[in-house]
Every structure is written in C-alpha cells, then in structure tokens.
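The structure under discussion appears below in the form of structure tokens.
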Amino acid sequence: MYYDFSAIEKKWQARWEETKPYAAVTGDPRPKFYGLIEFPYPSAAGLHVGHPRPFTAIDIVSRKRRMEGYNVLFPIGYDAFGLPTENFAIKNHIHPAIVTRDNIANFTRQLKMLGYGFDWDRVVDTTDPKYYKWTQWIFLQMYKKGLAYKTTMPINWCTSCKVGLANEEVVEGKCERCGGEVVRKEKSQWMLAITKYADRLIDDLDELDYIDRVKVQQKNWIGRSYGTDATFKTSTGDDVTVYTTRVDTIFGVSYMVVSPEHPLLDKWQDKIANWDAVAEYRLAASRKSDFERGELNKEKTGVRLEGVEAYHPITGDAIPMFVSDYVLMGYGTGVVMGVPGHDQRDWEFATKFGLPIREVVAGGDVTKEAFVAKDDSAVMVNSGFLNGMTVKEAIPAMRQYAVAHGWGKEKVNYKLRDWVFTRQRYWGEPIPLVNCPKCGWVPLDESELPLLLPNVESYEPTDDGESPLAKMTDWVNTTCPHCGGPAKRETDTMPNWAGSCWYYLRYMDPHNDKEFLSREAEEYWGPVDWYNGGMEHTTLHLLYSRFWHKFLYDLGLVHTKEPYAKRTSHGMILGKNPHYIGNVDTEEEKQALIAKYGSMATRPAVKMSKSLGNVVNPDDVIKAYGADTMRLYIMFIGDFEKTAAWSDEAVKGSKRFLDRCFNLQDMVSEEEGISKANMASIHKTIKKVSTDIEELKMNTAIAALMTLVNEFYSKGLSRGDLSVLIRLLSPFVPHMAEEMWENMGFAKESGKMAMQSPWPEYDESKTVDAQVEMAVQVNGKLRGTVVVDTDSDEAAVKAAALESDRVKKATEGMSVVKTIFVKNKLINLIVKPAK
RNA sequence: GCCGGUGUGGUGGAAUGGUAGACACAGGAGACUUAAAAUCUCCCGGUAGCAAUACCGUACCGGUUCGAGUCCGGUCACCGGCACCA
C-alpha cells in the first residue's frame, strides 16, 4: 500500500474541520485537562521550524489525555501587537491591522496543515477590540487599586532616529537599526507595581510544578535579600541611611558613597566646598548611557564631597563621603557604606582614592584584594564586641545591636523593579485614561471600553519621542469623564507583554462580551494544567502573567493563586552554520574562518537567520515529506529541553519509519487480539511510550515505537498488534493513524476515530520476558553474559555463569570470595588467587 | 564576576550506580532490478588479531564503590541568563 501522505493529510484535515473532534466542552462531567503553549507572534516571515517543537509536544500530551477520557482544552491564539509589525507597516505603508490580519491568516493555514488538535472556535487575537477591551479593563482595575502609577523614567533614546527603543533594540549601546548612539532620556511613564507582589511571586513558587531552572531564574530575577538599613549621622545635619546585607562588617567602613542622582546632593549644595567638581561629575554621569556606565572592568571614578562627613554609629569616627556612579540610585537607598576589606568594588574604589582598608573578617589578605568569605564560618577581627564570633553569629548579633541602639532597621530588598508599562508607539492597546487639568488622571468609564485605536496617517513616532497618537488632535482632545471639562487622552500605548498576561483566561470563555471571563468557565477550566514555553520568557511574560493572575485572585475573579500548575520548557532549533570550521579541510581555511567569524566559526549549529541562509521553512518540509513526518522528526530530533540542530538528512529517517508503519497493513495476520509472539514487546512499548510522553521524552518514546516496528518486521504481527500500534502512534502522527485505523476496519467496528479510542493499557506482569540475559562480571569486569529464566536466584545464575569458558578462564586458579547479585541484571564474582 | 546548564562514535542522540553507544542519520556489503531510486537483510567506537579474544574508551585530574557516563572534590571548554544589586 502506498503512503500518499499528501492526500491522507488533506482528507483528515477536512474531516476534522467538519466534525470538530477537538472542541472543548465547558462544564462536561469528564475530568478536564488544560494544555497550553505560548501563543505565537504572527510575523511576516510565517511559522519557523522552532514553533512546531513545543506545539507538537503539548499536542501529543493533549491527544493522549483525550484518549484517556479527559475533556481537553488545547487552544491557540495570536499575540499580535508589537514592533516588528509596526515597522513593517511603516516601511511598506500598509496599516498594521492589515499586516496582522494577513499574517494571522498565514499562520492559521500553516498550523492547520500541521494537524494540531486546537479548538479553532476559541482563537484569541490580542489586537481584536473585543479582546483588548478586557486588557484595558484589567488595567483600569489595577489603576483603581493603586497598582498603576505615573513616574519619570529614563528610556533608551536613539540620538540618530530620534526614537525611543525597547531594551531588545539596543545592541551593545547602539541602535539596532541605524547603529546610532543610544542615551538615556527622562520620560514620564506609567508603571505597574509588580514589586508589591515580589514576596508572593517567590514564595508561591514552592507549590508549583515548574522545572527547577525556571524557579531559580525567577528567584534570582526578583533577587530578594535580607539586610539592614543603617543610619549614619553627618555634618550636614541630615542623617544618611545605607542598605547593607553585611552590617557585621560595619567596623570596616572607611568611607561612604552617594549615587550621582541622589537628591541630598542638591540639598547640600551650599555645604559642599567643591560643588563645581561634584556638579560636573553628576552631569558627566547623566550623559553616560547605561551601557557605558555598566561597562565591564571599568575603573572606578568619583569625587570627594569636601566639607561633608559622616560619623560612625558605634565609634563616632568621622568618615569621608564621595559621589560615584558605581552606586545606583535604583537599588537600596542610593547610598553605600564602603567596606573595602570585604567588597571587591569598594576595594577598587578605596585603592584608587587612597582610603584605609581594614580587615574585619579574618582569612584573606586585604592588601591584595577584598576578602569575601565563601562560607559563614570565618571569624571576626578588629570589630569590638564581635571579635571572635563567626560571621554566622556576628550578622544577627550586629543586627540586634543596631536595632537596639536606634540606628538600624531590618530591611528586605529586591532587584526586581516596577514594570514600565508604556510605549511611545502606535501598535499597542490604548491606555484608557484621560488627563484633566482640574481632576488629574481620570479613568474612562467601563461603558466607554474598548477605547479603540484610531486610524492615523503615519505610524512613525514623533521627533520628540511621543507616540504617533499624540499627533491625532481630534482623538487626543476629549472631555473629562469626571467634570466634563476639556481634557487630553493618554497617547502612549501598552507594551506587547500586556495582552499575553491573561490570554490563557480568555481561552476559557472567548466569546463573552459581558465580562472578561465567566465564573463558571474559570472554575471549570482553571488553572492551566500544563504550560510549555521558552526560557526567554521566564523573567518577563511568565512573571508578568503570574503577577496579573495574583491581582485577579485578590479581586476574587479567579479561584487559584497561580495561573499555571506546571511549566516545562523546550530548547531552540538551530540551523547549520555555513561558516563552521568543520566544513573545510585545510588548516589555513579554518584559520581564515576563525579570523573572519570569530567564535561563531567554532559552532556546528547556530540560530537560524536569513543572513546565514540556514532558515528551514516548515512549508517546504511538509510539502516534501508531509506534516506527520515533520511532527515526528521534530520530536525525535533530541532531548526536548536542549537545543537541537535541524538536519535535512535526518528527516528522511522519520519518513522511512512512517513508510514502514504504513506497509505493516499488508503484513497482518487475521489473528484478533495481541499475538503471543509480540505480547511482552507490546506491553513494554505501551509502558515506555506512556511514561515517556508524560516526561516529554518524545525522542525515546519514538525510539521504542521504532523498535516495536522492527520486531513486527522480523516476527510478523496480528491485526490486534496493529490496533495497539496505531493508537500509540495516533498522538504523534494523527493523519496517518486515522487512515490506517480506517483502512483496517477498526473505525467501522468501533464507530470511533483512532484519536477517540481508548489509550492502550499495559499489564506490568506481561512486560516481562520468560528469559533474561544477565551480565557476568569477574572483579567488576564484564566477562560475558548468560541467558537464564527470569527471576532466577543467585545460585542458579552463578552455576550458569561458571560454565562459560570466558568466566572459567578469568577465574582459573582463583577462589570466589564474594558474589554481588542483582536480580535479572548481573552477577559479579569477586575472586582472589587461591592459596 | 555571579547564577543555571552541557561535554558520550563520522553525526543527532540512548543509558533508576549494574552489559556504554538503544533508536536514527551518514557510510560499507549483499539481495531484488537491464539499471538507478525505493525496498529488504547484514556490518558499523579505537588498537592488535584470520578468528576466538585481549586491552583501551563517556572533556581532564583525583576520590567513594564489588561496580561510576551517572555520586563527591577539583580543573578546563562551550551554551544560556544576569551583571557595579552594596
């Protein structure tokens, strides 16, 4: 029988379109399963071969769940607001909405061609006013609860394009598009107070089934630290507070540093004798880009504040004060106590400015470098009453002391910053707030939502960095919802992360025009049971959406504290590196490649990109081999969590396997039920495939299926054997499985498609063979194998082992002093020369 | 620098502390064919040997163990993230 994948795939896709076997039913009595993949950004380039990796994996899990009797929700949508579309629109003079519509149509075509079991009646598009109405609505709830606030923040500003850039658009301090200088520019921005949720975002991770590296990365990103706010008196009359995690080292303080942006400096203008030098330093610092300022191995700079000094809270000693840009205004208090003996940055600063370096923790040589103890068992010295204590004892002791003496306070700090929630761009959700000269910021009434994105002539940002919407005076000028007087709309839009914060909720109830989500649907479907996505979204999307969900939980709008019960992650698909040194033979050619491309030339596989010409288009693969082969190969390519290199050659192996499966139809015996010859193999395979799918080890699940098919080729198979194989294949290659199921008459007999049939179950007792091959070792070295009855005892195996010539030879003249026996696995004979 | 991850044949990759290299790609041999493709069968880490077999082999050095790719300590390389976070 000829495997005509093209006709088969078209046939079944048309049938699914018609009968909708993937429809999720809210309220159904079956147990529910909600599988989720990160919805794609519909770029003009179309689907990338990287997309099918996570999509296929969760499709397989969802299909298995359906066969196990679950009511499955496996939805798809489009995260369609964003810069690439806007830039494409500017360049080609097409409205972003039209670009988006076309791109979505193309993505939809490609996704349907891959045979995913999405519920196509629940598609969500973040740029659809029916959707972003509720994105705006949730934002207003945050505004009303005081979580959205306006503040002045520096943005990345390209001096050449005169445009604000997202962080992703800044490459090594230069504009990604024109290579122009990027500096910081102060701009008024809406912020979301995610830091208010910092503790819960860390602590609630414990209850979640997320892979460890996601948890670790989120924890590090939030960066909670426990320390002390210590207050120092100064000669200015103002007290200065510093944050430190190591208040135990306070006897080692030899200077203090204030951040250039610190407002106290302005206040002290009259008291600072060298104000001109300080002012000049501050100006220079403000002109530096973040990149310059944070540049690696940069030499410490700073200016002493002449005429100003601080006083040590315990000794009362005078401490010189400096301004330096190595202290950040955005973390802690913007002032730092310098402990050069035990902090490398402080050590560099003190060395440069000739400040004393005191050792207060023993164990290093502070004349050479700062000593930062690896564990907390190092001992305190030169530290008054702390002397002789370990660091572990000294930290709480000094904290208590500081609190008791009124100059210290326990403090928790976070690296996490509040979320800059505005973009000076067109293609985003409009912010539903109005600025009234009398009433200030006023939210639109709910009945005014959605606040539609108006049509503009040009999507180019304005010269001064305002959003293109600012030029729309008709739209901008409005009336205040509160007092009715003239007022202006907010012209900035939301960032592309906004719509993706809650899309998984909308899937539960996508057509609701009364509320963002009905209680009934939320209680039935929530939370997401399994969410797979890229590691690159761990600290942005994943954290942001957890934050929004917690906010909605606090309002009583969702019944779970967390949106996603389980989170897994996939590795990237790489392409062949055309500049790889392994592609050339001579040493000169290799050196030439390294000289030209640097470290890139040493990698066999690299990220796919147009410029390298190594991009693989899924359309081409499907055309040449079929969607089922594409699905199978992308799962077989390697460990799901690791990066993997696409290989056109290796795809053929997957196609060959499907041909072999299809040809089994001509080989079956009429025997119903599972054949005796294949009994153990089939039960083993069911077990292996079932457990591997749960762990996303699709590569080994497929290997097990290949092994089974190879056995069928050598031993033959029954109709019943094939029935099991088809059902095991069904989640991986749904089109071919349905075709075979129908061909074999199983569909007619059961009245069900393969995908609706029960997932095969295995019987543990039938997974064991009658005989096993065991390893025989002598002194831990392999000296052959023996075939014995399964579960044979030590004596029987030992007897069988000693019959082998190899074992005889290895034990000649020796006596067995000990035997290690692992049932059905191995026997290890420990021998010594006989006396 | 810090955090996380990874190092296994020509290649992609398998191996709850228990026969390293499953499964596949590439390569080789054969069958079928006028021929090629496809298909089917077999071989395929290195060294020595006709072979049986022996020795070596999971980045490197050391340790624990009857037994280590796997566990522990150290080193190196690469990948990802963060980066003056006090």
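Every chain is numbered from 1, with letters handed out A, B, ... down the list of sequences.
Atom C1' of nucleotide G13(B) and atom OH of Tyr633(A) are separated by 11 Å, given to the nearest angstrom. Phe821(A) places its CZ atom 16 Å from the C1' atom of G67(B), with the value rounded to the nearest Å. Rounded to an integer number of Å, the gap from CG of Asp648(A) to P of A24(B) is 20 Å. Straight-line distance from the CZ atom of Arg603(A) to the P atom of U11(B): 19 Å, rounded to whole Å. Atom OH of Tyr713(A) and atom P of U39(B) are 10 Å apart (whole Å). Tyr243(A) has its OH atom 17 Å from the P atom of C84(B), to the nearest Å. Going from atom CE of Met329(A) over to atom C1' of A86(B) covers 14 Å, rounded to whole Å. We find that CH2 of Trp646(A) is positioned 14 Å from P of G13(B), with the value rounded to whole Å.
Contacts of Ser225(A) with the nucleic acid, taken as non-hydrogen atoms under 4.0 Å apart, involve only primed sugar atoms and P, OP1 or OP2. At a threshold of 4.0 angstrom between heavy atoms, the contacts of Gly653(A) are confined to the sugar-phosphate backbone, with no base atom among them. Counting any heavy atom pair closer than 4.0 Å across all strands shown, Leu826(A) reaches a base atom. At a threshold of 4.0 angstrom between heavy atoms, the contacts of Gln777(A) include nucleobase atoms, whether or not backbone atoms are also involved. Residue contacts shown for Val216(A) are limited to sugar-phosphate atoms, with no base heavy atom under 4.0 Å away. When heavy atoms are screened at a 4.0 angstrom cut-off, Thr538(A) is found touching no nucleic acid atom at all. Within 4.0 Å (heavy atoms only), Asp639(A) reaches sugar-phosphate atoms of the nucleic acid but no base atom. Base contact: Glu773(A) has a heavy atom under 4.0 Å from a base atom. Among the protein residues, Lys825(A) comes within range of the sugar-phosphate backbone only, with heavy atoms under 4.0 Å from sugar or phosphate atoms but none that close to a base.
In this structure, U39(B) forms a base pair with A31(B), meeting either the Watson-Crick or the G-U wobble geometry with both donor-acceptor distances under 3.5 Å. Checking C44(B) for Watson-Crick or G-U wobble geometry (two distances, each under 3.5 Å) identifies no partner in any strand. Remark: U16(B) base-pairs with no nucleotide; criterion is Watson-Crick or G-U wobble with both hydrogen-bond distances under 3.5 Å. Pairing for C76(B) is with G7(B), a Watson-Crick or G-U wobble pair whose two hydrogen-bonding atom distances lie under 3.5 Å. As the counterpart of C82(B), G1(B) is assigned, both hydrogen-bonding distances of the Watson-Crick or G-U wobble pattern falling under 3.5 Å.
Closest approach to the Lys781(A) side chain among C55(B), U6(B), C3(B) is made by C55(B) (side chain taken as heavy atoms from C-beta onward). Distance from the side chain of Phe636(A) is smallest to C23(B) among A54(B), A86(B), C23(B). When the nucleotides C66(B), U19(B), A86(B) are ranked by their closest atom to the side chain of Thr244(A), A86(B) comes out on top. Taking the side chain of Asn828(A) as heavy atoms from C-beta on, and the options A15(B), A14(B), C66(B), the nearest nucleotide is C66(B). Comparing G4(B), G7(B), U53(B) by their nearest atom to the side chain of Arg213(A) picks out G4(B). When the nucleotides C79(B), G18(B), A86(B) are ranked by their closest atom to the side chain of Leu328(A), A86(B) comes out on top. Which of C82(B), U53(B), U19(B) sits closest to the side chain of Trp221(A) comes down to C82(B). For Thr707(A), whose side chain is taken as the heavy atoms from C-beta onward, the closest listed nucleotide among C23(B), G18(B), A26(B) is C23(B).
A sub-4.0 Å separation between OP1 or OP2 of A86(B) and a side-chain N or O of Arg246(A) is absent. For Thr700(A), no side-chain nitrogen or oxygen approaches OP1 or OP2 of G13(B) to under 4.0 Å. Between Lys818(A) and the phosphate of G67(B), there is no side-chain N or O to OP1/OP2 separation shorter than 4.0 Å. Considering only side-chain N and O atoms, Tyr326(A) lies nowhere under 4.0 angstrom from the phosphate OP1 or OP2 of A86(B). For the pair Arg660(A) and C40(B), the criterion of a side-chain N or O lying under 4.0 Å from OP1 or OP2 is met. Not one side-chain nitrogen or oxygen of Arg783(A) sits closer than 4.0 Å to the OP1 or OP2 atom of U19(B). For A14(B), the OP1/OP2 oxygens have no side-chain nitrogen or oxygen of Lys688(A) closer than 4.0 Å. Residue Asn699(A) places at least one side-chain N or O under 4.0 Å from the OP1 or OP2 atom of A14(B). Between Asn710(A) and A22(B) there is no side-chain polar atom (N or O) within less than 4.0 angstrom of OP1 or OP2. Checking the phosphate oxygens (OP1, OP2) of A26(B), a side-chain nitrogen or oxygen of Arg656(A) falls inside 4.0 Å.
Defined by atom type and a distance below 3.5 Å, a donor-acceptor pair is present between the side-chain atoms of Asp791(A) and Asn824(A). No hydrogens or angles considered: a donor-acceptor pair under 3.5 Å links the side chains of Thr195(A) and Asp418(A).
Taking both residues in full, the closest heavy atoms of Asp628(A) and Met736(A) are given as OD2-N, 2.8 Å, listed atom of the first, atom of the second, then distance. The two residues Val651(A) and Tyr625(A) have their closest heavy-atom pair at CG1-CD1, 3.7 Å.
Remark: the separation of the P atoms in G13(B) and A20(B) is 23 Å, to the nearest Å. Here, C32(B) and A37(B) have their P atoms 16 Å apart, quoted to the whole Å. Taking the C1' atoms as reference points, G28(B) lies 13 Å from G10(B), given to the whole Å.
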Subject >> Glu764(A)/Lys687(A) under salt bridge (charged side-chain N to carboxylate O under 4.0 Å, His left out): CA gap, chis, key distance, verdict >> reply: CA-CA 8 Å; Glu764(A) 186 70 48; Lys687(A) 183 180 179 181; 3.0 Å; yes
Original post:
Can Lys684(A) and Asp769(A) be said to form a salt bridge (charged side-chain N to carboxylate O under 4.0 Å, His left out), step by step?
Top reply: CA-CA 10 Å; Lys684(A) 269 190 242 178; Asp769(A) 291 295; 2.6 Å; yes
**OP:** Take Trp407(A) and Phe232(A) through the test ring pair (Phe, Tyr, Trp, His ring centres under 6.0 Å) and record every step on the way to the result.
**Re:** CA-CA 7 Å; Trp407(A) 53 268; Phe232(A) 289 61; 7.2 Å; no
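Each of Val258(A), Leu305(A), Leu355(A) was scored for a side chain to side chain contact (heavy atoms under 4.5 Å, CB included) with Phe322(A), with one residue passing: Leu355(A).
For the pair Gly330(A) and Ile820(A), both in contact range of RNA chain B, the more 5′-proximal nearest nucleotide belongs to Ile820(A). Mapping Thr785(A) and Leu416(A) onto RNA chain B by nearest heavy atom places Thr785(A) closer to the 5' end of the strand.
Ring planes of Tyr3(A) and Phe662(A): tilted class, angle from 30 to 60°.
Syn is the glycosidic conformation of G9(B), whose angle stays within 90° of 0.
Between the base of C84(B) and the side chain of Lys300(A) there is a donor-acceptor pair shorter than 3.5 Å.
Under the ring pair (Phe, Tyr, Trp, His ring centres under 6.0 Å) criterion, Phe712(A) pairs with no residue at all, not counting sequence neighbours.
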